[in-house]
Each structure stands twice: as C-alpha cells, then as structure tokens.
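First the structure, in the form of structure tokens, and then the observations on it.
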Amino acid sequence: MERSRFTIDLGAIRRNASTLLRAANGAELWAVVKADGYGHGALDVAHAALGAGASMLCVATLPEALELRAAIPDVRILVMGPVSEREIRDACAARLELVAATSPIPEGVPVHLKLDTGMGRWGLAELPAPTRDVVGIMSHLAAAESDAAFTRLQAERFREATQGLGGVTRHLANSAGTLGCPEARFDAVRCGIALFGISPFGTDPAEHGLEPALRWESYLALTKQLAPGQSTGYGRRFVADRPTWIGLVPVGYADGFRRDLTGTTVLIEGARRRVVGTISMDALAVELEDGPLPIGTAATLVGDGILIEEHARVAGTIAYEIATGLNTRSGRARRVIVDD
C-alpha cells in the first residue's frame, strides 16, 4: 500500500482562475507558479491556468522559467527574482521577461521595472526613465491580507508614480489585493496562492469562491492501546491518563506534515481526530476516541473540509509555507492528477 497520495484537481485550478479573472474586473490574470506551483506542480497548474484565461506565468528563478519554457514554448514567462549577468543571456535566448529592482537595467530583454512602494524589500526607490526594453512597471503589496489602509496607500503611491506612462503594463496586486482591494488591480494581477484554492487571508477559501485543488490521503498502518502512564512518540509529549487507543499514519515531517502540527486534526474514516505526540520524520499518531479501527482505514490529511489554512493556524504560520513544504515529488508519495 502506498504511504500517501497527493491528488491535484486541475478543474479546481481552472475554476479558481475564473474566479480571479472576475475579481480582476478587466485586468489580465498572471499565474504565479513559483516553488513548483506552491507544491501543486508548476507545469500542470500552468496548463490549467492558461486554459482558463491566464495570459502570463510568473516564477521566482531562471531554472523555474527554463523548465516551463521547454514545455510551453509560446507563453510569456516573467522571472521575478534577481538574475546574474550570465542568466540574463540565458533569459534572452529563452525569450523570457525579467524584473529590474536595482540599477543597471538589463538590456536586450523585456524588462519590468519594480518600484518599492512600501514592501521594503526588492525595488527601486524611484522610477528611472523607461528604456525601449521596459514593458512593465510593478510593485509588491506588503500587507494586502491584513492592512487595507496601507494597501490603498501603496496603490495610490503606485498610481502616482506611473501616471502618464503609456505602452507599459502596470501590475501590483497579489491574490489578497485582487480579492480585497479594487484600487490595486491596474492592468494585470499576479495571483499565486488563491489559484490553488488557498485563502490569502488564512480563512475558509469558500468565503471568496475558491476551491482547494489539493487532497492528501494516507491510512492507518498500526493501532495500539496505551495504558495510563504510557506515551507515544519522541519526548513523551503525549502520555495517556486513561486507556487510550491511537493509530499510526505513515506520514511525517519528511513528507511535509510538520513537526509543529501536533494538535491539529485529520479525518480518520471521515471523523475528525486529533494528532497527538511528537510528529516523527515518517509517522504521526492520532487519538482514536471510539476504539480501534482496522489497518488500512483511510486517513485524510488535507481535503473533505480539512484545510491547509487550519494546519497553518496550529503551526503558527501561513498556508503558503504549509503548501510549499509538501513533499510531492520525491517518491515518498504518489502524485495523481485529476480533472474534475
């Protein structure tokens, strides 16, 4: 029996893209598929998003872009992270587009000038006069998921800085900006996390018409009863105070089920059960409140109402980190693509 299975629903990706296009209200949708499509598979997601109306792909690094270019020869691809001099030549040969966040501005390749409007990270303090290679002007929202006032301020700064510039595409909004701040949409929106049906606000994605595209399943590989005083897992973090049945699922932090997810819930045979004890590299334990269950009983770690957003809250992090930390490609799990 396979240890676990990741199922990626491309139909959900397309429906999320359509939702984002409606929210963009006339702006282009650019699909952000960096970090292997936030753990969902960059190439599969790219095809689905493009088929639903996205007009460009965005990644963080040149190798990510080159992998996509080899499979999709004609689509526009934007590399948003910094590149070296040698990589500029490779980008030009592969017909990629680059972001210039510092001087000098690359030549001979389509460039998007990045202005720092409040993120305090990559970005120019002020815009230089655009060269003939400049095709876009962009910035990055710092707190679109949590600070509406500052997001509107960034949008106004960006609007003022780009006023009067013709012949270039202005793009500022991320997923949260697209869904929550009309002022930030401009000519194109760059959406990543929402494309995968994960809320950029950390809430239920259904609140914004989003549908999770990823499902993660495993099974009970062992059940055992702990007597009072007995424990399970490293560090004896869970000690039974009464006779307690536990089930072991053969998934752990090497698979992306993080060590700080103790206390979260998963579905065992359709019922929510608490994860107890320290999560191991290759296993986690759940408390079986109603007694033992057969070996092979289904365990759903993400899906059927178990949201990545919930796991993120337990871990004290954001859903982005949970999603990109899932080990979907090493051979530890089977990866299945469906199109529902």
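Hydrogens, waters and symmetry mates are skipped; everything else that's a heavy atom, side chains included, is used.
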| message | Under the criterion salt bridge (charged side-chain N to carboxylate O under 4.0 Å, His left out), I'd like the reasoning laid out for Arg242 against Glu289: C-alpha separation, chi angles, the key distance, then a yes or no. | response | CA-CA 11 Å; Arg242 53 184 169 73; Glu289 297 175 356; over 6 Å; no
Nearest atoms (heavy-atom pairs only) where [X] meets [Y]:
{"X": "Val33", "Y": "Ala42", "answer": "O-CB, 3.6 Å"}
{"X": "Asp9", "Y": "Gly11", "answer": "OD1-N, 2.9 Å"}
{"X": "Ala188", "Y": "Trp30", "answer": "CB-CE2, 3.6 Å"}
{"X": "Val276", "Y": "Thr232", "answer": "CG2-CG2, 4.4 Å"}
{"X": "Ala27", "Y": "Arg185", "answer": "CB-O, 3.9 Å"}
{"X": "Arg76", "Y": "Ser55", "answer": "CB-O, 4.4 Å"}

In the single-linkage hydrophobic clustering (I, L, V, M, F, W, Y; side-chain heavy atoms under 4.5 Å), do [X] and [Y] co-cluster?
{"X": "Ile193", "Y": "Met56", "answer": "yes"}
{"X": "Ile318", "Y": "Leu307", "answer": "no"}
{"X": "Ile279", "Y": "Leu226", "answer": "no"}
{"X": "Leu195", "Y": "Leu50", "answer": "yes"}
{"X": "Val111", "Y": "Phe186", "answer": "yes"}

When you check the gap from the basic side-chain N to the acidic O, do [X] and [Y] get nearer than 4.0 Å?
{"X": "Arg313", "Y": "Glu321", "value": "no"}
{"X": "Arg121", "Y": "Asp116", "value": "no"}
{"X": "Asp340", "Y": "Arg14", "value": "no"}
{"X": "Glu217", "Y": "Arg334", "value": "no"}

| field | Worked verdict on Asp44 versus Arg335 for salt bridge (charged side-chain N to carboxylate O under 4.0 Å, His left out) | value | CA-CA 12 Å; Asp44 293 318; Arg335 189 171 175 276; 3.3 Å; yes
Roughly how far, to the nearest 0.5 Å, is [atom2] of [Y] from [atom1] of [X]?
{"X": "Arg332", "Y": "Asn327", "atom1": "CZ", "atom2": "CG", "value": "6.5 Å"}
{"X": "Leu288", "Y": "Ile246", "atom1": "CG", "atom2": "CD1", "value": "8.0 Å"}
{"X": "Glu64", "Y": "Met80", "atom1": "CD", "atom2": "CE", "value": "8.5 Å"}
{"X": "Ile77", "Y": "Glu67", "atom1": "CD1", "atom2": "CD", "value": "10.5 Å"}

Polar side chain donor-acceptor pair, [X] to [Y], under 3.5 angstrom:
{"X": "Thr117", "Y": "Ser139", "answer": "yes"}
{"X": "Glu269", "Y": "Thr297", "answer": "no"}
{"X": "Thr7", "Y": "Arg215", "answer": "no"}
{"X": "Thr265", "Y": "Arg274", "answer": "no"}
{"X": "Asn16", "Y": "Thr19", "answer": "no"}

| request: Inspect the surroundings of CD in Glu85 and state if more than 12 heavy atoms from other residues, nucleotides or ligands are less than 6.0 Å away. | output: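 Check fails, neighbour count at 12 or below.
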Is the closest side-chain heavy-atom distance between [X] and [Y] below 4.5 Å?
{"X": "Thr131", "Y": "Glu107", "value": "no"}
{"X": "Val135", "Y": "Val168", "value": "no"}
{"X": "Arg258", "Y": "Thr317", "value": "yes"}

| query | Should the ring pair Tyr38 and Tyr320 be called parallel, tilted or perpendicular, given that the plane angle runs from 0 to 90° and is split at 30 and 60? | reply |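 Rings of Tyr38 and Tyr320: tilted, 30 to 60°.
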| Can you list the steps and then say if Ser4 with Trp216 is a side chain to side chain donor-acceptor pair (under 3.5 Å)? | CA-CA 7 Å; Ser4 71; Trp216 189 9; 3.2 Å; yes
Counting N and O atoms only, with roles assigned by atom type, does the side chain of [X] sit under 3.5 Å from a partner on the main chain of [Y], one being a donor and the other an acceptor?
{"X": "Gln230", "Y": "Ala227", "value": "yes"}
{"X": "Glu211", "Y": "Arg15", "value": "no"}
{"X": "Ser175", "Y": "Ala194", "value": "yes"}
{"X": "Asp133", "Y": "Gly108", "value": "yes"}

| query | Should His311 and Phe257 be marked as a ring-ring contact (aromatic ring centres under 6.0 Å, His included) after you check the CA-CA gap, both sets of side-chain angles, and the distance that decides it? | reply | CA-CA 9 Å; His311 292 329; Phe257 202 94; 5.7 Å; yes
| Identified side-chain contact (heavy atoms from CB on, under 4.5 Å) partner of Thr264 from the options Leu301, Val275, Ile306, Val286 |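 Between Thr264 and the candidates, side-chain contact (heavy atoms from CB on, under 4.5 Å) is satisfied uniquely by Val275.
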| Does the pair Asp290 and Arg273 meet the rule for a salt bridge (charged side-chain N to carboxylate O under 4.0 Å, His left out), with working shown? | CA-CA 10 Å; Asp290 301 322; Arg273 295 290 179 253; 2.7 Å; yes
